[in-house]
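Have a look at the structure below before the remarks.
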Amino acid sequence: MAIAIRQRKRSDSSRLLARLSFPIFALIVIVIAIFATAASYILIRVQNDHTVKMSETSMKFVYRNVGYQLDTMNNVAAFILSNQSIENLLESTYKETYEAVGDYFTLQTNLQNLSLVSLLNDFSSGTVGQRSYVVSVALEPQSGLYAMAADHFYTMTGIYKNDDLYLQNWYQNLLRGERQTEWWGQMTETSNDGMIYSARKKTSIKDGRSIGTVLVGADIGSMKGVFDNAPLDKGYYLLLDQSNRVIYSEKHPFLDAVGELPYVRALTGSKGSVVTKIDGESHRVMFDTLGNGWKLLAVVPESHFSRYTFAISAIGAATAAIALLVAGYWLRRIVVRVTVPITKLVNAIQRPEVVEFKEPLPYQHTGIYEVDELNQQFASILVALHSLIEKSFIEEIERQRLQLELLHAQINPHFLYNTLDLINCRAIMAGDRETSQIVRSLANVFRYGLNQGQAWITLEGELKQVEAYLQIQRMMMNDLHVDIQVPDNLLSATIVHLTLQPLAENAIIHGFANRTSDCRIMISARTVGETLVLRVEDNGIGSDATSMNLMLHQSPVYDAPGKLSQSGGGYGTMNVHRRIQLQGGEMFGLRYVEVDVGTCVEVVLPLIHKGLLKTEVISHV
């Protein structure tokens, strides 16, 4: 048996430790997991967003500088178109061809000087040699220098006849006026190098006639420096013309048609970003449209943006695991230091010797202020409890002794009855019948009022008491009428003693306070299910039923311990209401009913017939 008790105590100890350890550890796990997950997520998002931003920044750099190169080519063409000296050379007329030799070489020198404006070289890489623009003019027969121009167009700076250009698509578009400037790429005749060109029609400022076409070209190799200065860690760039042919790319050859590639076909609008599959791997394609209608693409694999995801997740998981180990270790130490002394305290107060105050509570020193203070305060409470129990026992013995003495000091009821009988006899002998009737009624009031000290009385006995009381009131009030309507089968029902007399007294004192004629009180009884309902109704000045019911539901006020306050109603409705609830239960008591004239109060009681004890009444309720 002793072994079983010790095992149960050890089980209780371990249960307390488990109940504290598991929830706290679970909470710590949840907090650390949420923190680690949130931190890892934030770091991953920040890193991935940073990688995306870097790729977007590189593309913006390339876009800006490629646009600058194209704008420079436009500016060169615009200079030729608007320069007055060149305008004069192109519009001059000559009687003989040889007369145009000087102007021809002057125009050619100007074109050569313009071609040496090597702004593109600002962006070239160290591996690209010094290059310059190719600036040419293809003349029409309306120009005076047409006869001096070379017969065939060549991709070098010079002055040419436009006869070879009619077969070119870009020239046909330019003649139709679809665009002011035509852009295209083409291979050179002497090497495999690619060139990009822009062409604009030259018209006479004087009369608007077409006199030639200005062509500005640039070597594709010069563009490589722009892309080299903003390389992508992963992926590649694509510069496509309006026909989706490659102008520059590290992956596709020059002028390669890539319009049928899925990710090129997926591009909609002039600017944006799409995610698509390329060679079975997801890629992000960022694109933007240049001023001449060409598209610049940056193709980067999605794995590049999430390359740090695994590393950050692994670091977050490792950090969370270490934090859990450290937290678990310290949690175990803290919980053990707290729970073990509490368990010892519980085991100590369960010992019979401590409970019976034969031994003091053992003192523990744990080093934790709160636990040590709890042990000391509990020991003090045990000492104080022991003193209170002894003091309470002594006071109870003294209270019973005083009550016994008080009972011995009370007046014997028979002495009161005998005295009233003596007064009654003297009144009869003196011929004073009215005084005799008053004395007899008063004796009945006392007889039923005392009720041998019982809390419950039959309805018949309660009615006899209230009849005796009202008989005395009728002798004092000339016009008081009482009507009692109670079925005979309810006379044996038991009710809480002294219920009807206070209600009848309230009707006379408050209802008929300023009235002396036609004063009526009606007392009736009925049953509703398992309850007995008594009604006391008068035709007095009346009262507000709602206010009276609200007053009954308020907390009672006591003038002294055990003595209900008599302010505002004397020994009245609140006293009756509280006694009924104390004897029968909270669901019983008084309730005021709204009537047209006077006041009506109902008494709700359990329907119990004579012979049941009080305990039986409560059990029945």
Side-chain angles (χ1 to χ4, degrees), residues 433-434 436-449 451 456-529 531-545 548-549 552 569-573 575-577 579-580 588-605 607 609-610:
R433 295 293 179 180
E434 185 176 357
S436 173
Q437 186 178 1
I438 293 174
V439 171
R440 285 199 303 272
S441 297
L442 182 60
N444 288 334
V445 171
F446 280 122
R447 179 177 295 109
Y448 291 107
N451 193 32
W456 293 78
I457 190 173
T458 63
L459 179 57
E460 182 179 11
E462 183 75 6
L463 289 174
K464 287 180 179 180
Q465 180 194 5
V466 75
E467 285 177 341
Y469 169 77
L470 291 174
Q471 178 66 28
I472 296 173
Q473 292 292 343
R474 275 198 296 266
M475 294 178 184
M476 294 185 290
M477 299 176 64
N478 295 328
D479 199 9
L480 176 62
H481 304 279
V482 179
D483 184 12
I484 299 178
Q485 300 177 5
V486 178
D488 293 339
N489 62 327
L490 295 181
L491 294 176
S492 62
T494 58
I495 67 173
V496 176
H497 180 225
L498 208 59
T499 297
L500 295 177
Q501 186 269 333
L503 300 180
E505 181 181 355
N506 269 1
I508 293 172
I509 295 175
H510 300 291
F512 306 138
N514 299 316
R515 185 171 178 174
T516 58
S517 62
D518 193 26
C519 299
R520 298 180 181 277
I521 296 177
M522 185 178 73
I523 301 175
S524 62
R526 71 181 189 276
T527 59
V528 179
T531 61
L532 174 65
V533 180
L534 307 178
R535 172 178 283 203
V536 179
E537 187 174 357
D538 64 69
N539 64 340
I541 61 175
S543 62
D544 183 15
M548 297 301 292
N549 287 327
L552 291 174
Y571 192 74
T573 55
N575 191 304
V576 175
H577 181 68
R579 286 192 294 109
I580 292 174
F588 302 108
L590 303 185
R591 66 187 180 197
Y592 280 82
V593 180
E594 198 72 49
V595 291
D596 295 334
V597 178
T599 302
C600 178
V601 59
E602 290 185 343
V603 183
V604 182
L605 292 158
L607 182 58
H609 288 276
K610 184 179 179 181

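Worth saying up front: this structure is predicted, and the values here are computed from it rather than measured.
In terms of heavy atoms, M548 sits closest to S543 at CG-OG, 4.0 Å. Residues G589 and H577 approach most closely at CA-ND1, 3.6 Å, considering heavy atoms. Of all heavy-atom pairs spanning T458 and S492, the tightest one is CG2-O, 4.4 Å. Between P487 and A525, the shortest heavy-atom distance links the atoms CD-O, 3.6 Å. The two residues Q485 and M522 make their nearest non-hydrogen contact at NE2-SD, 4.2 Å. A pairwise comparison of heavy atoms in A504 and L470 identifies CB-CD2, 4.1 Å as the closest pair.
Atoms OG1 and CD1, from T499 and I580 in turn, are 4.5 Å apart once rounded to the nearest 0.5 Å. Rounding to the nearest 0.5 Å places CG of D488 at 9.0 Å from CD of E460. Between the CG atom of N489 and the OG1 atom of T527 there is a distance of 7.5 Å, given to the nearest 0.5 Å. One distance of note links NE2 of H510 with OG1 of T599; it measures 10.0 Å at 0.5 Å rounding.
You'll find the side chain of F512 reaches within 4.5 Å of the side chain of N539, heavy atoms only. Residues I521 and I508 are in side-chain contact: their nearest non-hydrogen atoms beyond the backbone lie under 4.5 Å apart. Here the side chains of V496 and F588 are not in contact, with every heavy-atom distance at 4.5 Å or above. At least one side-chain heavy atom of I457 sits less than 4.5 Å from a side-chain heavy atom of I495. Residues L491 and L463 form a side-chain contact, since some pair of their non-hydrogen atoms from C-beta on lies under 4.5 Å apart. Contact annotation: the side chain of L534 approaches that of L459 to within less than 4.5 Å [non-hydrogen atoms, C-beta and beyond].
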**Request:** List the steps, then state whether side-chain contact (heavy atoms from CB on, under 4.5 Å) holds for I523 with D483.
**Result:** CA-CA 6 Å; I523 301 175; D483 184 12; over 6 Å; no
**Message:** Test side-chain hydrogen bond (donor to acceptor under 3.5 Å, both in side chains) on Q473 and Y469; report intermediate values, then the result.
**Reply:** CA-CA 6 Å; Q473 292 292 343; Y469 169 77; 3.1 Å; yes
**Item:** Steps toward side-chain contact (heavy atoms from CB on, under 4.5 Å) verdict (V603, L590)
**Value:** CA-CA 5 Å; V603 183; L590 303 185; 3.4 Å; yes
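Partners of D518 according to the side-chain hydrogen bond (donor to acceptor under 3.5 Å, both in side chains) rule, which considers only residues two or more places apart in sequence or in another chain, are R520. Contacts of R591 classified as side chain to side chain contact (heavy atoms under 4.5 Å, CB included), with partners at least two apart in sequence or in another chain: R526, V533, N549, E602, V604.
With 3.5 Å as the limit, one finds no donor-acceptor pair spanning the side chains of Q471 and E467.
In this structure, E462 contributes its side chain and L500 its backbone to a donor-acceptor pair below 3.5 Å.
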